[in-house]
Amino acid sequence: MKYWLLKSEPEAWSWDNQVKEGASMWEGVRNYQARNNLKEMKKNDLCFFYHSVKQKSIVGIVKVVKEHYPDPTDETKRFVVVDVKATKKLRNPVSLDQIKGNNKLKDIALVKQSRLSVMPIKKIEWEEIIKLSSISYNK
DNA sequence: GCCAACGTTGGC
DNA sequence: GCCAACGTTGGC
């Protein structure tokens, strides 16, 4: 069981869209590194759902419900999608600033490779972010 | 809105 | 196969 982070601009595809839609394709990835990550995802892996550009926060968790298959929106047939489903909203969003300010998260791919849209998350990083989301809730 | 950091494309 | 030119992403 692995952990991941998926990025989306909320104006293109938001957490609320994901909740409303239920299980849906994670489509439109056109980057090889991101694609390779999609291919490694297994059913029931969990992914943070990150809102880029505007909110710049992790807002929820989606689960992989179907492993990779060809992206029907890709004419070149080179890229793939997985199906994901919203499973849990974070109690409080965890912002990029919070992540950057946390020593345990300083090597996270989100910061190191700011342009990558599908990235692996280490278990300790996952747990730390979960913790941050509850701590901010208590404040 | 700007631009740094990347990724991709295509001419050579 | 190199690399200049171009396009895109996403933080600021």
Side-chain angles (χ1 to χ4, degrees):
Chain A
M1 154 92 159
K2 287 190 176 171
Y3 299 103
W4 309 90
L5 183 144
L6 297 172
K7 245 190 227 179
S8 183
E9 285 194 43
E11 289 185 353
W13 180 254
S14 71
W15 172 254
D16 287 342
N17 291 138
Q18 186 69 59
V19 170
K20 212 177 295 172
E21 193 73 18
S24 65
M25 285 189 292
W26 194 265
E27 64 179 42
V29 169
R30 295 293 182 270
N31 167 287
Y32 289 105
Q33 207 182 338
R35 180 200 65 176
N36 293 342
N37 290 332
L38 285 179
K39 284 186 169 180
E40 282 186 33
M41 287 185 185
K42 297 291 178 202
K43 200 176 174 186
N44 295 324
D45 278 359
L46 297 176
C47 319
F48 282 131
F49 192 109
Y50 176 80
H51 277 168
S52 67
V53 182
K54 279 201 106 177
Q55 198 185 356
K56 284 179 287 177
S57 300
I58 295 170
V59 293
I61 295 170
V62 296
K63 186 162 76 176
V64 177
V65 293
K66 190 175 177 189
E67 290 175 19
H68 71 91
Y69 57 98
D71 186 339
T73 69
D74 170 34
E75 288 173 9
T76 68
K77 309 286 176 219
R78 290 181 294 186
F79 295 97
V80 300
V81 296
V82 296
D83 285 359
V84 295
K85 187 176 182 225
T87 57
K88 200 167 200 269
K89 188 176 182 172
L90 292 192
R91 291 189 190 173
N92 238 18
V94 176
S95 72
L96 184 61
D97 284 345
Q98 277 177 285
I99 290 166
K100 282 186 165 174
N102 186 302
N103 204 40
K104 287 183 190 161
L105 300 174
K106 66 179 188 335
D107 289 327
I108 198 169
L110 184 65
V111 178
K112 289 270 160 133
Q113 273 179 283
S114 64
R115 293 187 53 197
L116 189 60
S117 64
V118 180
M119 67 192 77
I121 295 288
K122 297 189 197 84
K123 190 159 188 278
I124 26 164
E125 293 167 344
W126 180 273
E127 285 163 359
E128 186 64 16
I129 288 165
I130 295 291
K131 204 157 86 183
L132 283 178
S133 103
S134 349
I135 286 168
S136 46
Y137 174 72
N138 292 332
K139 274 184 185 166

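Sequence lines set the chain letters: A, B, ... in the order given, protein chains first and strands last, and positions in each chain run from 1.
- In this entry the distance linking CD1 of A/Ile58 with C1' of C/dG10 reads 15 Å, nearest Å.
- A close approach under 4.0 Å does not occur between any side-chain nitrogen or oxygen of A/Lys54 and OP1 or OP2 of C/dC12.
- The separation between A/Lys112 atom NZ and C/dG10 atom P is 19 Å, rounded to whole Å.
- A/Gln55 places its CD atom 12 Å from the P atom of C/dG11, with the value rounded to the nearest Å.
- Between the NZ atom of A/Lys100 and the C1' atom of C/dG11 there is a distance of 7 Å, rounded to whole Å.
- Ring geometry for A/Trp15 against A/Phe49 counts as perpendicular: the plane angle is over 60°, on a 0 to 90° scale with 30° as the lower cut.
- Ionic pairing of A/Arg35 and A/Asp71 is not present here: no N-O contact between side-chain nitrogen and carboxylate oxygen is shorter than 4.0 angstrom.
- For A/Lys7, a side-chain nitrogen or oxygen approaches OP1 or OP2 of C/dG10 to under 4.0 Å.
- Using a 4.0 Å cut-off between a side-chain N of Lys or Arg and a carboxylate O of Asp or Glu, A/Glu127 and A/Lys131 do not qualify as a salt bridge.
- OP1 or OP2 of C/dG11 lies within a sub-4.0 Å distance of a side-chain N or O belonging to A/Tyr50.
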Working note: A/Arg30 + A/Thr73, criterion side chain to side chain donor-acceptor pair (under 3.5 Å); need CA distance, chi angles, decisive distance, verdict. CA-CA 11 Å; A/Arg30 295 293 182 270; A/Thr73 69; 3.0 Å; yes
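- Rounded to whole Å, the distance from CD1 on A/Ile108 to P on C/dG11 is 13 Å.
- Side-chain proximity of A/Gln33 to C/dG10, B/dG7, C/dC12: nearest is B/dG7.
- Atom CG in A/Asp97 sits about 11 Å away from atom C1' in C/dC12, given to the nearest Å.
- One atom, CD of A/Glu9, and another, P of C/dT8, lie 13 Å apart when rounded to the nearest Å.
- Rounding to whole angstrom units, CG of residue A/Leu116 and P of C/dT8 are separated by 18 Å.
- With B/dG7, C/dG11, B/dT9 as the candidates, the nucleotide lying closest to the side chain of A/Asn31 is B/dG7.
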